[in-house]
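First comes the structure, then the notes that go with it.
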Amino acid sequence: MGRSRRVSSIAWCRADGSIRKAIVAELYVTDALDRVDAPQAGPGEIIAVAGIAEGDDRRDARRFRMDPRPLPVITVDEPAMSITIGANTSPLAGKDGDKLTARQIEARLAQELVGNVSLRVSETERPDTYEVQGRGELQLAILVEMMRREGL
């Protein structure tokens, strides 16, 4: 068991089987429900790293020369439902909320995709609407309610 350190090289094991070297730019540990900046983390700690665009598994670069086996890939079930979310075009548009444009909606959906791996967002034939696919009615209802509370 080793330690993860900021500004150290790691092996980036991708789902396609390729292994690349990468540098950990920032390292965060979990403290209750918060992420806290840390210089290093030990075995058993839940960590988040920055500096890698996307990844599936990480291994210490010193060890991957001897044993480059990544962990098995975890798959997420496919979305089962979809809804269309877009800018309000009704006569009452602008009466509630302060984020009203399609660009702001697109930015919020992109932000949600970072942490929610079971969502998919695709463009529609209209430039101001997006199709959001999720695993169920509850997941999509929670997303819409969060967006409403944020002023969208």
Side-chain angles (χ1 to χ4, degrees), residues 1-88 96-123 129-152:
M1 298 272 175
R3 300 189 70 77
S4 297
R5 292 178 181 80
R6 187 182 314 145
V7 194
S8 64
S9 63
I10 61 170
W12 179 17
C13 302
R14 298 180 48 100
D16 63 2
S18 64
I19 300 174
R20 300 182 190 156
K21 286 188 181 181
I23 303 286
V24 175
E26 295 292 329
L27 179 70
Y28 302 97
V29 295
T30 303
D31 182 24
L33 296 176
D34 298 324
R35 286 186 180 168
V36 180
D37 190 24
Q40 64 181 0
E45 290 188 86
I46 299 173
I47 64 169
V49 295
I52 301 174
E54 58 186 40
D56 305 309
D57 182 19
R58 67 166 211 65
R59 294 279 177 126
D60 188 348
R62 292 180 303 255
R63 296 175 201 238
F64 95 93
R65 290 185 199 105
M66 298 182 300
D67 189 14
R69 292 176 294 150
L71 296 172
V73 176
I74 299 172
T75 58
V76 178
D77 291 341
E78 295 293 319
M81 297 184 68
S82 68
I83 60 173
T84 303
I85 296 178
N88 188 356
D96 187 23
D98 56 349
K99 299 174 183 155
L100 307 171
T101 65
R103 185 182 306 158
Q104 291 170 321
I105 292 171
E106 180 182 23
R108 175 60 179 90
L109 291 173
Q111 176 188 359
E112 187 68 23
L113 286 175
V114 170
N116 194 339
V117 297
S118 63
L119 278 184
R120 289 192 184 148
V121 177
S122 58
E123 295 181 0
T129 60
Y130 303 93
E131 181 182 18
V132 180
Q133 299 174 347
R135 293 190 56 205
E137 185 178 344
L138 180 62
Q139 179 189 25
L140 296 173
I142 289 171
L143 172 64
V144 170
E145 180 62 19
M146 285 182 358
M147 290 174 66
R148 185 195 66 80
R149 290 181 181 184
E150 293 169 5
L152 291 160

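We count residues from 1, following the sequence as given.
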Considering residues at least two apart in sequence or located in another chain, which fulfil the side chain to side chain contact (heavy atoms under 4.5 Å, CB included) criterion with D37? R6, E26, Y28
Residues forming a side chain to side chain contact (heavy atoms under 4.5 Å, CB included) with I83, sequence neighbours excluded: I85, V132, L140, V144
Separation of T84 OG1 from Y130 OH (nearest 0.5 Å): 12.5 Å
Closest heavy-atom pair and its distance - L27, A41: CD2-N, 3.8 Å
Please list, chain by chain and in numerical order, all residues satisfying salt bridge (Lys or Arg N to Asp or Glu O under 4.0 Å) with R35, sequence neighbours excluded. none
Sequence neighbours left out, what passes side chain to side chain contact (heavy atoms under 4.5 Å, CB included) with N116? Give chain and number order. E112, S118, L119, Q139
Excluding sequence neighbours, so at least two apart, what forms side chain to side chain contact (heavy atoms under 4.5 Å, CB included) with V117? V76
Do S82 and E131 get their side chains close enough for a donor-acceptor pair, meaning under 3.5 Å? yes
Pairs in or reaching into residues 140-152: which pass salt bridge (charged side-chain N to carboxylate O under 4.0 Å, His left out), with residues at least two apart or in two chains? R108-E150, E145-R148, E145-R149
For P79 versus R120, what's the shortest heavy-atom pair and its separation? CD-NH1, 3.8 Å
Count the heavy atoms belonging to other residues, nucleotides or ligands that lie under 6.0 Å from CD of E137, then report whether that count exceeds 12. no
Can you measure from CG (L152) to OG1 (T101) and round to the nearest 0.5 angstrom? 8.5 Å
From M147 atom CE to Q111 atom CD, the distance as rounded to the nearest 0.5 Å: 10.0 Å
Heavy-atom side-chain contact between L109 and L113 under 4.5 Å: no
